[in-house]
There are 2 protein chains.
Amino acid sequence: MAAARGQRGGDRDVPAAPNAAEVTMPIPPVSDTPMQRARAIPEAAVARLAVYLRVLSGMAEQGIVTLSSEELAAAAGVNSAKLRKDLSYIGSYGTRGVGYEVSVLVDQIERILGLTRSHSVAVVGIGNLGHALANYGGFPSRGFPVAALFDVDPDLVGVPVGGLPVSHIDDIPKVCAEREISIGVIATPPAAAQAVCDRLVAGGVASIVNFAPVVLQVPDHVEVRKVDLAVELQILSFHVARRADSMNVNGSALGNVDGVVIGR
Amino acid sequence: MAAARGQRGGDRDVPAAPNAAEVTMPIPPVSDTPMQRARAIPEAAVARLAVYLRVLSGMAEQGIVTLSSEELAAAAGVNSAKLRKDLSYIGSYGTRGVGYEVSVLVDQIERILGLTRSHSVAVVGIGNLGHALANYGGFPSRGFPVAALFDVDPDLVGVPVGGLPVSHIDDIPKVCAEREISIGVIATPPAAAQAVCDRLVAGGVASIVNFAPVVLQVPDHVEVRKVDLAVELQILSFHVARRADSMNVNGSALGNVDGVVIGR
DNA sequence: AGCCACTTGTGAACGAATGCACAAAGTGGC
DNA sequence: GCCACTTTGTGCATTCGTTCACAAGTGGCT
Ligand SMILES: NC(=O)c1ccc[n+]([C@@H]2O[C@H](COP(=O)([O-])OP(=O)(O)OC[C@H]3O[C@@H](n4cnc5c(N)ncnc54)[C@H](O)[C@@H]3O)[C@@H](O)[C@H]2O)c1
Ligand SMILES: NC(=O)c1ccc[n+]([C@@H]2O[C@H](COP(=O)([O-])OP(=O)(O)OC[C@H]3O[C@@H](n4cnc5c(N)ncnc54)[C@H](O)[C@@H]3O)[C@@H](O)[C@H]2O)c1
């Protein structure tokens, strides 16, 4: 199918500029370009900025005008040094001795995250999860209007869900282009996910959120974020097991091998 | 406890271990952390092991008995060196020149992830999302039986959802103890999440998955994993914006090399 | 003005995760 | 038994991310 990339043994051999996110040279040209925005923000920081934004929105609603990094950090569940460093990636908008103005931070984070314009979302697979997503009010209100729904089931096509009629997946490319969909959300059964993904890509969608528990193969210019609940549960399971292990200290050597294999 | 109100170097409220020596010492605090004996598996590797496990299960169903790190890595969407390193954290179960036996890896990963026993799950907030979760067959089949459902709505209490009757949130502590719930899933509106979380903790639940867009405050021994769709969308938005930016940059240095695509 | 208490922004130390490259260990052919 | 070939497991360099700790600003108070 798509993406023949990656099979070949040495496709990654080329040492040439893999991902030089930030090629900061030891001596940055002192003559800084005025509009030198977007200087590599660490991936992890971007995720946190989104969290700060939400916390700040809540603060704004409560009428809070100014706060310190310490306060915001506590509310966001991170330590204050990290918070300040994160904010420093987007500029210097604080006042020493005082703190930050909520509205300024909100504006700046929105700018950096590209939230000054809205991004239309398409949901594919209107089953249990798809219904929940289509009905969820939290996306439109945050600049992510759900502008298209798709399913393969003829009984669903044409039926309005959350006020929007479901289209057939064969129309994905056409509808996505028409409605300028920029983000596709896949909520189909795993077996259908790759095919759906391919269609979305064919329709010009370059950002995808995938709920189906499969690894999608996509061209390089497409970005996929997976939301995998089973993995989350298993990570928790791991920590539970780890915790239990460290309890019974002595016989820790790979305890039992009781072959109680679950399911499968 | 957190004590240390205040100034001196950041005090953190996060898990803590390294006691920051209060006095500023010219020399770094003597590195004393011998207790960290267990060769810990990197957090990031744990998440990937869960993915490998799923891919391997699929392989097993297809009757594949043996495979190489290269093959598994391709199927899991990672590079093979990383895959081998990840596997090396759990032991040496491969055969040089040959590869890995699928069934062995499945067993070992399940052992490490603590999947040799099942973990009962409780879902709180049986709305759109909660219904989807309660009806989802993917959890029970992977060793995470949904053993309790809770909601505050009197019209819902007693109604079976996915074959299991909904209980009232006031019974969280009691029911969780009775049914030995080990993982709680929060799918309530944001405003109710913290209160629900507190009850789960009171009921002895030490692992929580939170779908509500709020930062939960929990005691140290409780682990929370948040699933935040809005954040995912905003991260995608950020990359879209960034991509657009690098487009309209006049053909300066950035040009080709900047394959800044972080998420791959 | 001068002092002081407070808070930001950031260089630098530290630590975690990734990717490379190759010795070691195995298989199969002869 | 030896050689050619394959693939694992891991030491090492590198890159990415977090935390520390402090100079540099800011505003209030006397
Ligand atoms: N329900 C959950 O709580 C949950 C949790 C985690 C992951 N998931 C994953 O999310 C996905 C959806 O779960 P669900 O519970 O909503 O499943 P579901 O069976 O309720 O819904 C799937 C929907 O996809 C549609 N569909 C099937 N093939 C399709 C195709 N080729 N193109 C478009 N649509 C197609 C079906 O008609 C159906 O409406 C699954 O991959 C599941 O593993 C679900
Ligand atoms: N629906 C989605 O697709 C989606 C996506 C992302 C995040 N979320 C988040 O997930 C959560 C649930 O979303 P939803 O769409 O299912 O909402 P919903 O309104 O459909 O359901 C919420 C349910 O929680 C119950 N509830 C309210 N207060 C409660 C309390 N104190 N204790 C227990 N139950 C209580 C309500 O009775 C209702 O049944 C929300 O926080 C939402 O922001 C939902």
Side-chain angles (χ1 to χ4, degrees), chain A residues 9-24 26 28 39-49 66-73 78-101 104-105, chain B residues 5-31 33 36 39-48 66-73 78-101 104-105 260 262-264:
Chain A
D11 66 338
R12 256 164 249 267
D13 299 347
V14 191
N19 40 346
E22 180 185 15
V23 194
T24 47
R39 36 151 139 170
I41 301 177
E43 182 67 8
V46 174
R48 287 190 299 266
L49 283 171
T66 289
L67 42 55
S68 68
S69 62
E70 204 73 49
E71 293 168 308
L72 180 50
V78 302
N79 96 19
S80 68
K82 193 190 301 193
L83 178 128
R84 287 200 301 278
K85 175 80 71 178
D86 287 345
L87 292 182
S88 79
Y89 293 123
I90 68 175
S92 290
Y93 301 105
T95 305
R96 293 170 191 230
V98 177
Y100 302 89
E101 199 174 327
V104 171
L105 282 191
Chain B
R5 192 24 194 304
Q7 60 283 6
R8 237 319 165 259
D11 68 329
R12 73 199 80 74
D13 45 314
V14 203
N19 249 336
E22 165 124 45
V23 192
T24 30
M25 306 188 73
I27 11 176
V30 181
S31 60
T33 323
Q36 190 78 355
R39 38 57 186 293
I41 300 178
E43 186 65 15
V46 174
R48 286 190 299 266
T66 289
L67 43 55
S68 69
S69 62
E70 204 73 48
E71 294 168 308
L72 180 51
V78 303
N79 99 17
S80 70
K82 193 190 303 194
L83 178 129
R84 287 199 301 276
K85 182 145 298 203
D86 286 345
L87 293 182
S88 79
Y89 293 123
I90 69 175
S92 290
Y93 301 105
T95 306
R96 294 173 192 230
V98 178
Y100 302 90
E101 198 175 326
V104 171
L105 282 191
V260 258
I262 293 181
R264 187 250 183 233

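Throughout, protein chains are lettered first and strands after them, A, B, ... in sequence-line order, and every chain is numbered starting at 1. Bear in mind the structure is a predicted one, so any value in this text is a computation, not a measurement.
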> Closer to the 5' end of DNA chain C via nearest nucleotide, is it V98(A) or A81(A)?
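The residue whose closest nucleotide sits nearer the 5' end is V98(A).
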> Please report the distance, rounded to the nearest Å, between CZ in R48(B) and P in dA17(C).
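Roughly 9 Å, once rounded to whole Å.
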> For a side-chain contact (heavy atoms from CB on, under 4.5 Å) check, start with the C-alpha distance between V78(B) and D86(B), then their side-chain angles and the critical distance, and finish with the verdict.
CA-CA 11 Å; V78(B) 303; D86(B) 286 345; 5.8 Å; no
> Could you state the interatomic distance from CD (E71(B)) to OG1 (T66(B)), rounded to the nearest 0.5 Å?
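The distance works out to 9.5 Å.
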> Please figure out whether G97(A) or A44(A) has its closest DNA chain D nucleotide nearer the 5' end.
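So the residue in question is A44(A).
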> How many whole angstroms separate atom NZ of K82(B) from atom P of dG11(D)?
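Spelled out: NZ on K82(B) to P on dG11(D) is 19 Å.
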> Quick one: which of dA23(C), dT18(D), dT26(D) gets closest to the side chain of R96(A)?
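Output: dT26(D).
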> Provide, to the nearest angstrom, the distance between the OH atom belonging to Y100(B) and the C1' atom belonging to dT7(D).
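My rounded result for the distance is 8 Å.
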> Roughly how many Å is it from NZ in K85(A) to P in dG15(C), rounded to a whole number?
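Distance check: K85(A) NZ to dG15(C) P gives 16 Å.
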> To the nearest angstrom, how far is L49(A) atom CG from dG17(D) atom C1'?
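Roughly 14 Å, once rounded to whole Å.
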> Give, for atom OG of S69(B) and atom NZ of K85(B), the distance between the pair rounded to the nearest 0.5 Å.
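Separation between the atoms: 13.0 Å.
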> In which ranges does DNA chain C form stems of 3 or more consecutive Watson-Crick or G-U pairs, distances under 3.5 Å?
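When the pairs of DNA chain C are grouped into runs of at least three, the stems are C:1-30 with D:1-30.
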> Assess the residue pair Y100(B) and L87(B) against the criterion (side-chain contact (heavy atoms from CB on, under 4.5 Å)); give the C-alpha distance rounded to whole Å, side-chain angles, the decisive distance to 0.1 Å, and a yes or no.
CA-CA 10 Å; Y100(B) 302 90; L87(B) 293 182; 3.6 Å; yes
> Just wondering, do L105(B) and L72(B) contact through their side chains at under 4.5 Å, heavy atoms?
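Yes; the side chains approach each other to less than 4.5 Å.
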> Take S88(A) and R84(A), measure what side-chain contact (heavy atoms from CB on, under 4.5 Å) needs, and give me the verdict at the end.
CA-CA 6 Å; S88(A) 79; R84(A) 287 200 301 278; over 6 Å; no
> Please give, in whole Å, the distance from dT7(D) P to E71(B) CD?
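Computing the E71(B):CD to dT7(D):P distance gives 8 Å.
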> Ignoring backbone atoms, test whether S69(A) places a side-chain nitrogen or oxygen under 4.0 Å from the OP1 or OP2 oxygen of dT7(C).
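No, S69(A) has no side-chain N/O under 4.0 Å of OP1/OP2 on dT7(C).
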> Identify the heavy atoms of A81(B) and N79(B) that sit nearest to each other, and give their distance.
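Heavy atoms of A81(B) and N79(B) come nearest at N-OD1, 2.8 Å.
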> For the pair made of CZ in R84(B) and P in dA23(C), what is the distance, rounded to whole Å?
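These atoms are roughly 15 Å apart.
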> Among the candidates dC20(D), dT8(C), dG9(D), find the nucleotide nearest to the side-chain atoms of N79(A).
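Nearest to the side-chain atoms of N79(A), counting from C-beta on, is dC20(D).
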> Take atom CD of E70(A) and atom C1' of dA21(D), then tell me their distance rounded to the nearest Å.
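Those two atoms, CD and C1', are 14 Å apart.
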